[in-house]
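Here the structure comes first, spelled out in structure tokens, and everything after it is commentary.
Start at 1 and go down the list; that is how both ligands and their atoms are numbered. In what follows, residues are counted from 1 in the order of the sequence shown.
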Amino acid sequence: MKVFVTRKIPNAGIDMLREKGWEVLISPHDRALTRDELIDMGRGADAVLTQLTDKIDGSVVDGWGSQLKIIANYAVGYDNLNVKEISDRGVLMSNTPDVLTETVAEHTFALMLSIARRIVESDKFSRAGKYKGWEPFLLLGNDVCYKTLGIIGLGRIGARVAHHAVRGFDMKVIYYDVRRNNEFESNFGATYKDTPDDILTEADFISIHVPLLPQTRHLISAERIKKMKPSAYLINTSRGPIVDEIALRDSLKKNIIKGAAIDVWENEPLLTPGLSDLENIIITPHTASATEETRQKMGEIAAKNIIETLEGRNPPNKIIPK
Ligand code: DGY
């Protein structure tokens with residue numbers, strides 16, 4: 001069997017594949033591959049381990065050849081895969097759910113605390129030698145405790161963020177999702193809202209956890225940002241295009257909302273001009289799942305999905321086309 005890995009990942013997953021005695025080709029480039037490079041290097045592979053930066057559609061799969069059995073995405077999100085075109089060609093797909101839930105929820109909370117307590121600004125201020133002694137109004141932020149957290153998208157990560165909010169910070173949780181979750185409501189005293197707008201108008205902190213789909217692109221638009229409280233903070237660790245980044249920049253500039261913290265950008269790796277000049281936003285470079293432990297587990301899961309498929313069994317994290 002031949003497995004193509006589109007970019008180096010932690011060794012554990014690669015070792016699992018090599019231990020099978022299979023040929024494992026890892027891209028020698030430490031960068032995202034171009035479409036032509038992807039096709040050339042993956043030609044003849046039985047399995048391809050892809051990154052979320054690889055855009056895979058039917059024509060890429062055709063280039064890889066009809067022996068291809070599985071595309072194992074090294075991410076929980078899989079908006080980089082054209083699920084319909086790939087499944088129409090009889091190729092399976094898998095992702096890496098569960099192993100990164102804690103890590104992304106932790107990063108979400110880190111962003112929430114950091115923007116509310118002005119941690120990045122305070123760090124810059126201190127390093128710049130600007131601290132001249134305690135002051136009553138120096139770098140005042142806002143409390144997180146007892147506030148209302150609005151979760152938009154109650155998957156595993158959204159639910160874990162709610163757990164930290166309720167158990168750790170006595171926050172009140174309201175949520176919107178296409179499906180209502182009674183068990184979650186009774187576990188966390190959470191309240192379901194019928195529309196995202198109900199979340200935006202009521203919450204002090206809004207955390208986005210929906211997948212990127214045609215219907216969620218620009219879910220957070222200029223009009224929707226205007227519905228938020230002027231004191232509210234927006235946190236996005238899902239996918240960048242869910243938030244209209246130009247609208248976010250303009251709203252932050254005009255103080256229509258208090259602040260934002262984003263791990264995902266609308267046009268990665270390009271950031272909307274002007275956004276990084278603002279003090280009321282914290283920006284991390286799509287690193288919410290970036291811990292040594294989690295990235296290793298993601299590699300192991302991707303390898304496991306490949307192994308199960310190439311040995312004729314069902315991959316545990318198969319993506320089901322809708
Ligand atoms: C994912 O797995 O979808 C994350 O965005 C990767 O960090």
Side-chain angles (χ1 to χ4, degrees), residues 5-10 12-14 27 30-33 48-56 70-83 86 92-112 114 151-161 177 207-214 216-217 219-220 234-243 245 260-271 282-306 315-322:
V5 180
T6 66
R7 190 164 184 174
K8 189 177 180 321
I9 59 164
I14 302 293
S27 162
D30 190 17
R31 58 168 168 78
L33 297 177
V48 180
L49 194 155
T50 49
Q51 314 292 316
L52 57 83
T53 41
D54 302 325
K55 303 270 173 260
I56 312 297
I70 181 162
I71 296 170
N73 211 35
Y74 183 69
V76 65
Y78 51 86
D79 45 282
N80 59 310
L81 305 180
N82 187 323
V83 171
I86 297 168
L92 297 180
M93 287 154 279
S94 64
N95 65 343
T96 62
D98 299 317
V99 289
L100 46 68
T101 301
E102 294 289 357
T103 306
V104 176
E106 197 172 277
H107 195 87
T108 306
F109 232 87
L111 289 177
M112 198 149 77
S114 301
I151 303 270
I152 300 186
L154 190 78
R156 301 173 185 86
I157 298 171
R160 194 62 187 163
V161 170
D177 192 275
S207 193
I208 313 289
H209 300 284
V210 292
L212 178 60
L213 302 166
T216 59
R217 187 172 289 272
L219 177 75
I220 306 298
L234 179 71
I235 319 293
N236 187 14
T237 52
S238 57
R239 284 292 182 264
I242 290 162
V243 176
E245 206 167 272
I262 57 170
D263 180 56
V264 284
W265 314 356
E266 185 164 357
N267 297 299
E268 292 176 21
L270 303 177
L271 194 60
I282 291 178
I283 305 161
T284 54
H286 207 148
T287 48
S289 71
T291 64
E292 292 171 12
E293 298 88 338
T294 289
R295 288 288 163 86
Q296 174 158 324
K297 286 187 215 145
M298 286 165 66
E300 287 168 352
I301 291 233
K304 172 117 175 112
N305 280 293
I306 291 174
N317 309 104
K318 184 154 93 179
I319 295 169
I320 313 286
K322 300 232 161 61

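- For a heavy-atom separation below 4.0 Å, the residues in contact with ligand 1 are Leu52, Ala75, Val76, Gly77, Leu100, Arg239, His286, Ser289, Arg295.
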CA sep, side-chain torsions, deciding dist, call: Ile320, Lys318, side chain to side chain contact (heavy atoms under 4.5 Å, CB included): CA-CA 6 Å; Ile320 313 286; Lys318 184 154 93 179; 4.1 Å; yes
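- Under the 3.5 Å distance criterion, the side-chain polar atoms of Thr291 are matched with a main-chain donor or acceptor of Thr294.
- Looking at Asn80, its side chain does come within 3.5 Å of a backbone N or O of Gln51 through a donor-acceptor pair.
- Ion pairing between a basic and an acidic side chain is recognised when a charged N comes within 4.0 Å of a carboxylate O; Asp98 and Arg156 show such pairing.
- Enclosure of atom CD in Glu300 by more than 12 non-hydrogen atoms of other residues, nucleotides or ligands within 6.0 angstrom is indicated.
- Of the N and O atoms on the side chains of Thr237 and His107, not one donor lies less than 3.5 Å from an acceptor on the other residue.
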